[in-house]
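Side-chain atoms are counted along with the backbone in the values below, which use heavy atoms only and exclude waters and symmetry mates. Keep in mind it's a predicted model, so treat the numbers as computed, not measured.
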Amino acid sequence: MNAVTRRLIHRLHVVGPAASSGSWSWIMPSCCRFQSVSARGSTNVFDRITKKRQKNWAASLQDHHQFDYLRDEVGSRVADRVFDIVRTFPLALDIGCGKSHIAEHLSKDVVESLILTDISEKTLKQSRQSEIPTHCVLADEEFLPFKENTFDLVLSSLSLHWINDLPGALRQIHHVLKPDGVFIGAMVGGDTLYELRCSLQLAETEREGGFSPRVSPYTAVTDLGNLLGQAGFSMLTVDVDDVEVHYPGITEVMTDLQGMGESNCAWNRRSLLHRDTMLAAAAIYKEMYGVEGGSIPATFQILYMIGWKPHESQAKPAKRGSATVSFGDLSKISQPANRDK
């Protein structure tokens, strides 16, 4: 444990003894308070208390590990982006870490110390061991209990899509990063589960004369770069990846979403789904999206983002008007040069 980590832990209120031996300890900041309203008066779309309950319920399942496949895959891809940066990070933060799906793919040569945060206490208690010295902090992603310029690296995987105030959360991440620190995150995008969304909407319209939101609203990739820029990040990178998972039927899709703790928690959701509507949705899903062999696909659109906190050492764009070559000259590059005879 380095000096920076010791100073950070000293500022936190330690609750009880360590949960397990080794580098894992159980820490809770005394300033952390779970709230059901979003900060700064922003739009309150999600019921954060319900999301906490859903994640605690999912973590208490006897076979909870069977539902980790998507988080494990995306966590490994986030870790790959960390390895792409040739640098060692003395102290990193993983926001909404779940069971620590990123840390198991990292090494202590890249990240020397790691702080894990999540809204769910039961999920944190199931954090996986890694070779990196790790400490768990029970905290809401919307209210980070850390001081300015604390972390060299901030990570997040499949958590930010449940944030009410995403612009505010990105500003907080920017706040806790040190200058020249980097944020690397992944969240589900707007086209996620479009097969399930369309099937349920068509079935409800047919059987009930209208439909209600059954799948959570997600951020569009076209908005993500603007949000990062408005939060103060520079040298932005945003890319998209589709992960397609095949299931026997719609029941298995919805069962796995519950097991992941990814059930809808929007305030305007309807908890009741009639049996005949469910049967109609299953038939529509099979008819519209079924593949050879009888399975149905569920698409998860994953948005990856990288943003740096500005620092004077970073490369800066050239001044406007300083170019020495015209775009009009680009078409001449492939032409053979005229030679004097």
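- Linking Ile, Leu, Val, Met, Phe, Trp and Tyr whenever their side-chain heavy atoms come within less than 4.5 Å puts M288 and L200 in one cluster.
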Check against side chain to side chain contact (heavy atoms under 4.5 Å, CB included), I163 and R48: CA-CA 8 Å; I163 297 294; R48 296 287 293 171; 4.1 Å; yes
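- Within the 4.5 Å cutoff, the side chain of L93 has no heavy atoms near those of the L153 side chain.
- Between I250 and M278 there is a side-chain heavy-atom pair separated by less than 4.5 Å.
- V245 is linked by a side chain to side chain contact (heavy atoms under 4.5 Å, CB included) to Y69, V243, Y247, F300, counting only residues two or more places apart in sequence or in another chain.
- For D152 and R87, the salt-bridge test fails: no basic side-chain N is under 4.0 Å from an acidic carboxylate O.
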Could you list the donor-acceptor pairs under 3.5 angstrom formed by side chains in residues 224-240, with sequence neighbours left out?
| residue | atom | partner | partner atom | Å |
| --- | --- | --- | --- | --- |
| S234 | OG | W308 | O | 3.3 |
| S234 | OG | Q314 | OE1 | 3.4 |
| D239 | OD2 | R81 | NH2 | 2.7 |

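- Looking only at side-chain heavy atoms (C-beta outward), D118 and L138 stay at 4.5 Å or farther from each other.
- The environment of CD in E287 is sparse: at most 12 heavy-atom neighbours from other residues, nucleotides or ligands sit within 6.0 Å.
- Note that CG of L91 and NE2 of H135 are 9.5 Å apart. Values are rounded to the nearest 0.5 Å.
- Side-chain contact check for Y289 versus Y194: some heavy-atom pair is nearer than 4.5 Å.
- No salt bridge links K99 with E104; every basic N to acidic carboxylate O contact stays at or beyond 4.0 Å.
- A heavy-atom distance below 4.5 Å is found between the side chains of I173 and I95.
- Looking at E112 and K108, no side-chain N of the basic residue comes within less than 4.0 Å of a carboxylate O on the acidic one, giving no salt bridge.
- Partner of N149 under the side chain to side chain donor-acceptor pair (under 3.5 Å) criterion, chosen from H175, K178, K309: K309.
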